[in-house]
Amino acid sequence: MTIIQKKETLKWILDNIAWFILLAMLTIFSFTVKGFAQWPIYRNILYHSVFVGILAIAEAICILSKEMDLSVESVLALSAVVTAYLAGIGLDASGLHLNGPTTLIIVLIMGAIIGLFNSYFIVRMKINSFIVTLAGYLIFRAIGLIITKGHGVVNISKDIVAVARTNIGPIPLMVIILLVIYVIFSLFLSKTQFGRFIYFVGDNREASYNAGIKTDRVLTIVFIMSGVLSALAGWLLAARTNGSSPSLGQGILFEAMAAVVIGGVSLQGGVGKLSGVFAGAVILSSISTVINIVNINPYYMNIIRGAMIIIAVLLDAIIRKIRPKLI
Amino acid sequence: MKRKLIISLLSILFVATTVMGGIAADKGLVYYLSPNQFDEMQTAASKMVESAVERAGYTCRTLVAGNEDSNLQMNQLENAITQNPKAIIVAAVDGNAIVGGVEQAKAAGIPVIVFDRVISETKVDFTSVAGCKRIGIMAAHEIANLLKEKYGEVRGTILDIMGDPGDSYTTLIEEGLRETMENEYPNVQIETKIAYGWEATTAANIADDYLLAHPDTDLIFPHSDHMTVATASVLQTKGLQKNEILLVSTAGMPSGLQLIRDGWLKATVEQPVSAQAEGIAMFLDDIIEGKKIELGPYEVMEIPAEIIEQPYGLELRISGSVINAENVDNPIFWGNQVGD
């Protein structure tokens, strides 16, 4: 192997460090945790990473463009509520009993409108995205609470629930949906001109504008994509829980942010790959799963979860720091 | 002449009724400080407290502490004090954090009534609680009955899914469950997990993972019905039949009652929210006027209750009920009372 080849190999390893952390964790858990080393556990890890995984794409695209979307969690919750409200049979449902495809179209349009709403204030009114989406974080979940008067809605259309309960071979349909979305968005970011514009805008907005890139248009579409992806995650979450409850998805924003950071997306914008984000989401899901199956005092769970996230991020940070010296 | 007399009498009656009604509805302002708006039970509790207080002749103003924000609740309490209300009813986010505010209210001569969540670090004027520990004890006995039905003796393994550990509702249930099991049913193994923030998907994921590593689990006990709905969905996804793994819950939410009707949930121990609210209304005048309230047994909405002296003041303790397939449609349960 030539020096150049060695450098390329090392660069590839460092670029995909989240995957190696994931592999190391899964290996350690498989050999040390009783009952871990079985396909259904790995299947669960993937299944449970679906919602965080999709939200993490939404967040990653925003961060790549050097913006932030804090409203993703509330859009997810609102989408789950709207889905349950339109397709549920409970006391607080609409009574319309709409089917899966119709509710999906409605919530995706709703997500797009929310994205447009956010982008209007960010792009046109030049208000910081942190502030605008923080307001959205508060507003959109509250709208969901108003719709169902703060009650849960159970028993939604069977065709929606079926999405959560169908397997294609040994793999849940939800996981396939997640993988397809990752592949599509990874290709979109890496292979299309518009995807590259997102990186350019995140790396240097002024230079991108001077180079003729319509930065406002790029950011508007970024926020619309974020809204649509969050709404899709909410629809899938309603399928998973056969309805919605007022606290559904609470705290998932922080998991999505953690997945993005662990996955190597720079908070400074313009750097990072969705494959790393996917690994980040699966790392978080693996930690939760191992905590769920081992017998430990439940009060220590969040300490362990937090410590493992810090270890993963620290490891990633150390390697990224030594990377320029090695290459 | 006769007609004029009748009209006059009716007019007097109308005016008198209106004036009396006006007086009845004008006894003054009472604040209710609710801890959150994400918990279905708290949403119902707000409506029930408002309704009970207004039936007692007061105007009720509800303030919600966002999502269990103790600092926000403290601010709300301080703002409420400035309005000089007749009383403040508090369902505390944090029973310790709010002590300073409670003492400010007392110093301003405003009675403080505690609803649902005990404030034990200072003296309050009245406390109306279900006795969450009692709910845990009742759940333990119900679980024991179900395991005995299954095995002929009380033995087995339980996955116990607590809600947020910052909420005394779940920690007291846990205490009641654990104490009862350890003392009376030692052959029952309990494995406890936590669904932080009472988040339903977290509860579902816990059940999903745990059942893979421990397929011999007999029963799952999520501490609230909304988490049980998501857990039942996981059992269905796994292709399990009804009652193959038993489900017992607490709260008595509409969604829990529906799950009992559907045959997935064996029983839920109701928190008697409407009786707790009614209990406050029963004694509200006496509390505000500073009259002595007798200790001893009472009945609130036909539910046995008792007023006892606690270090923190008088406590109205109301028993919860076990709801199962036999009594699920009883209109006395709050889960059957909420709606439009």
Side-chain angles (χ1 to χ4, degrees), chain A residues 33-36 38-41 43-45 47-48 51 77 80 89-92 138 141-142 145 148-155 161 164-167 172 237 239-252 285 288-302 305, chain B residues 36-40 42-44 46-47 64 66-67 160-165 174 191-215 224-227 229-234 236-239 253-256 258-259 262 335 338-340:
Chain A
V33 178
K34 191 185 166 201
F36 190 91
Q38 51 172 317
W39 164 243
I41 287 284
R43 189 199 69 99
N44 269 13
I45 289 170
Y47 193 165
H48 298 174
F51 316 107
I89 60 164
L91 193 67
D92 293 289
L138 298 170
R141 188 183 280 276
L145 291 170
T148 59
K149 304 178 188 75
H151 297 154
V153 179
V154 291
N155 291 342
V161 179
R165 296 183 185 170
T166 302
N167 292 315
L237 196 55
R240 160 79 162 151
T241 55
N242 190 18
S244 76
S245 61
S247 60
L248 198 63
Q250 216 170 316
I252 200 169
S285 180
S288 292
T289 293
V290 81
I291 289 170
N292 287 343
I293 65 168
V294 296
N295 297 334
I296 52 165
N297 183 329
Y299 293 108
Y300 291 115
M301 282 178 187
N302 260 9
R305 189 175 280 133
Chain B
N36 71 55
Q37 56 188 352
F38 298 128
D39 176 344
E40 203 173 340
Q42 293 298 346
T43 312
S46 292
K47 286 178 190 161
V64 182
N67 178 23
D160 167 41
I161 306 177
M162 289 175 67
D164 198 282
E174 183 67 10
E191 176 65 33
T192 302
K193 302 286 175 190
I194 291 176
Y196 282 93
W198 291 97
E199 210 282 315
T201 325
T202 308
N205 290 347
I206 288 169
D208 202 359
D209 288 334
Y210 189 81
L211 291 177
L212 281 176
H214 308 273
S224 181
D225 294 328
H226 76 282
M227 301 199 304
V229 172
T231 306
S233 188
V234 165
Q236 290 172 65
T237 305
K238 285 178 175 294
M253 290 176 181
S255 53
Q258 187 57 46
L259 215 55
D262 294 345
V338 295
D340 294 322

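Each chain gets a letter, A, B and so on, in the order its sequence line appears, and its residues count up from 1.
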Region of A:I45 that comes under 4.5 Å of a non-hydrogen atom in chain B: neither

Pair count under 4.5 Å, heavy atoms only, with chain B: among A:I41, A:N242, A:L145, highest is A:L145

Please classify the contact of B:D262 with chain A as side chain, backbone, both or neither, using a heavy-atom distance under 4.5 Å. side chain

What part of B:S233 lies closer than 4.5 angstrom to a heavy atom of chain A: side chain, backbone, both or neither? both

Search all heavy atoms of B:T237 against all heavy atoms of A:A164 and return the closest pair with its distance.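 For B:T237 versus A:A164, the nearest heavy atoms are CG2-O, 3.7 Å.
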
Are side-chain heavy atoms of [X] and [Y] found at a separation under 4.5 Å?
{"X": "B:T201", "Y": "A:L248", "answer": "yes"}
{"X": "A:S245", "Y": "B:M227", "answer": "no"}
{"X": "A:R240", "Y": "B:N205", "answer": "yes"}

Examine distances only and state if a side-chain atom of [X] and a backbone atom of [Y] form a donor-acceptor pair shorter than 3.5 Å.
{"X": "B:D208", "Y": "A:N44", "result": "no"}
{"X": "B:K193", "Y": "A:I291", "result": "yes"}
{"X": "A:S247", "Y": "B:W198", "result": "yes"}

Picking from [options], which has the most non-hydrogen pairs under 4.5 angstrom with chain A?
{"options": "B:M253, B:H214, B:K238", "result": "B:H214"}
{"options": "B:N36, B:T202, B:V229", "result": "B:V229"}
{"options": "B:Q42, B:H226, B:E191", "result": "B:E191"}

Can you tell me which residue among B:L212, B:L211, B:D209 is in a side chain to side chain contact (heavy atoms under 4.5 Å, CB included) with A:I293?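 Passing option: B:D209.
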
Spatial distance of atom OG1 (A:T241) from atom CD (B:E199) [nearest 0.5 Å]: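 One finds 8.5 Å between OG1 of A:T241 and CD of B:E199.
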
